[in-house]
Amino acid sequence: MTAHLAILASGMVTAVGLDAPSACAAMRARLDGFRETGFQSGPDEALVGAPVPLVHEMLGERRMAYMAAAAIRECFDALPEARAAATHLILCVAEPARPGAPVTDSKRLVQRIGDLLAGPANGPARVISEGRPSGHAALRTAARLLAHAEAEYVVIAGVDSYLTSGTITHFLGENRLLTPDNANGFIPGEAAAAILCGKASRGAFRLAGLGLSREPAFIYNGLDENGAHLPLRGDGMTAAYRDALGECGIEMAQLGYRIADLVGEQYWFKQSALASIRLVRGAHGFQDIWSPAESLGNVGAAVVPVMIGMAMAAAAKGYAAGTPVLVEASGDSGACGAAIFSARVQ
């Protein structure tokens with residue numbers, strides 16, 4: 001089914017750019033949106049984050065709706081005929097169990113987004129609440145909708161923020177934020193991004209393979225039957241890689257490059273490295289790996305649309321580090337996703 005899906009347009013609202021072209025250019029130039037926030041990581045120590053430069057009075061769910069609507073509108077502006085079609089919306093948001101998650105009522109958020117867009121999405125809307133890997137589950141749903149002719153276009157949008165008091169308090173307590181006393185942490189960020197999906201045509205930026213799995217040794221580390229912590233072997237990401245590679249009929253060494261949600265903690269680097277090492281066979285050339293976290297910090301459920309937008313822009317402008325490109329993401333609960341895109345566009 002994945003062969004039926006192509007990415008036609010993208011939109012972004014990030015700490016380094018309020019549209020996809022400027023955000024992608026900034027990330028390519030290795031610029032970042034990191035600055036001191038109003039949160040404290042210790043006495044007289046401001047926490048560094050990557051906030052989107054919007055008015056401070058726009059907070060919570062209203063802020064998320066405004067950001068998501070802007071990213072979706074950018075997609076529709078690039079392809080106006082999709083605005084008039086019965087376009088399905090798949091909205092990716094934070095895990096409901098995450099403390100301080102900015103979205104408490106996903107149905108209300110969808111309604112707010114529709115109101116801001118003056119109701120352009122007259123098809124049904126779905127919400128996926130898996131955090132960072134939500135976008136991979138959304139790709140699977142979008143591919144099915146397009147393959148079965150249930151939709152002409154599908155918008156996958158992700159919006160999230162780690163810059164809420166509940167989230168900051170929780171992750172500081174878990175010692176997972178980057179602070180002067182903790183080098184093994186992430187920078188909290190926020191973003192919205194959207195991709196417009198349609199049926200694949202000749203020369204399109206096309207989804208070639210997709211894999212979804214779950215890591216038993218997730219970052220909070222599950223226990224085996226004896227109560228011992230499970231060792232990280234990268235089983236979940238390896239399985240996701242293997243399924244995606246198998247679907248498009250290539251080996252790991254044939255990938256051009258990868259884009260990953262390496263938010264800053266060592267766990268995610270180890271997981272990605274283990275998956276790569278376990279699947280590479282024989283000699284192969286250098287394979288670059290990019291991460292939007294270098295510029296945006298941890299942007300949660302927005303990251304997969306951001307990474308796909310990065311890959312599409314790189315292919316269109318001729319600076320991609322090879323083809324095809326693998327886009328990977330994983331979450332704190334162990335969900336893993338890998339998607340491979342053919343990076344040839346006309």
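Keep in mind it's a predicted model, so treat the numbers as computed, not measured. FYI, the numbering just counts along the sequence from 1.
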Donor + acceptor pair across side chains of Trp268, Glu265 (<3.5 Å): yes
Within 6.0 Å of CZ in Arg62, more than 12 heavy atoms from elsewhere: no
Residue pair Arg126 / Leu145, side-chain heavy-atom distance below 4.5 Å: yes
Interatomic spacing from CZ in Arg233 to NZ in Lys270 - rounded to 0.5 Å: 16.0 Å
Residue Glu36 excluded, over 12 heavy atoms near CD under 6.0 Å: no
Leu91 side chain reached by Leu109 side chain, heavy atoms, under 4.5 Å: yes
Quiz item: cation-pi between Arg278 and Tyr241, 6.0 Å / 45°: no
Sidechain N-carboxylate O distance under 4.0 Å for Asp235, Arg214: no
Side-chain touch Lys199/Tyr153, heavy atoms, less than 4.5 angstrom: no
CD (Glu251) with more than 12 external heavy atoms under 6.0 Å: no
Matching residue for Phe341 among Ile308, Leu210, Ile259 - test: side chain to side chain contact (heavy atoms under 4.5 Å, CB included): Ile308
Taking every non-hydrogen atom, the tightest pair across Leu296 and Ala15: CD2-N, 4.2 Å
Electrostatic pair Arg98:Asp332 at N-O distance under 4.0 angstrom: no
N-O pairing of Arg63 and Glu190 below 4.0 Å: yes
Under 3.5 Å donor-acceptor, Thr167 side chain and Thr164 backbone: no
Glu150 and Arg144, any side-chain heavy atoms less than 4.5 Å apart: yes
Rounded distance [0.5 Å steps], CD1 in Ile250 versus CD1 in Ile340: 4.5 Å
Side-chain heavy-atom pair Val299, Thr14 within 4.5 angstrom cut-off: no
Flag if over 12 foreign heavy atoms under 6.0 Å of CZ, Phe34: yes
Interatomic distance, Leu116 atom CG to Met67 atom CE [nearest 0.5 angstrom]: 12.5 Å
Thr87 side chain to Val154 backbone, donor-acceptor under 3.5 Å: no
Derivation and outcome, side chain to side chain contact (heavy atoms under 4.5 Å, CB included), residues Asp160 and Val93: CA-CA 6 Å; Asp160 205 348; Val93 296; over 6 Å; no
Tyr267 and Phe218 aromatic centres sub-6.0 Å: no
Test log, rule side chain to side chain contact (heavy atoms under 4.5 Å, CB included), inputs Arg132 and Val263: CA-CA 10 Å; Arg132 291 197 300 277; Val263 297; 4.0 Å; yes
Between CD1 on residue Ile156 and SG on residue Cys197, distance to nearest 0.5 Å: 4.0 Å
Test item: Ser134 side-chain N/O and Ala301 main-chain N/O as donor-acceptor pair under 3.5 Å: no
Beyond-backbone contact of Gln287 with Met252, side-chain heavy atoms, under 4.5 angstrom: yes
No-hydrogen, no-angle side-chain donor-acceptor test under 3.5 Å, Arg112 and Tyr66: no
Six-ring centre of Trp290, Arg28 cation under 6.0 angstrom, axis tolerance 45°: no
Co-membership, hydrophobic cluster, residues Ile187 and Phe269, 4.5 Å side-chain: no
Trace of the side chain to side chain contact (heavy atoms under 4.5 Å, CB included) decision for Leu245 with Leu255: CA-CA 9 Å; Leu245 291 165; Leu255 289 174; 4.1 Å; yes
CE on Met307 to OG on Ser10, rounded to 0.5 Å: 13.5 Å
Pair Glu95, Ser333: side-chain N/O donor-acceptor within cut-off below 3.5 Å: no
ILVMFWY cluster, Val48 and Phe186 together (side-chain gap under 4.5 Å): no
Test side chain to side chain contact (heavy atoms under 4.5 Å, CB included) applied to Gln271 and Cys336, step by step: CA-CA 10 Å; Gln271 177 182 251; Cys336 299; 3.9 Å; yes
Interatomic spacing from CZ in Arg108 to OG in Ser106 - rounded to 0.5 Å: 10.0 Å
Ser330-Glu215 side chain donor-acceptor pair, cut-off 3.5 Å: no
Polar side chain donor-acceptor pair, Asp19 to Ser22, under 3.5 angstrom: yes
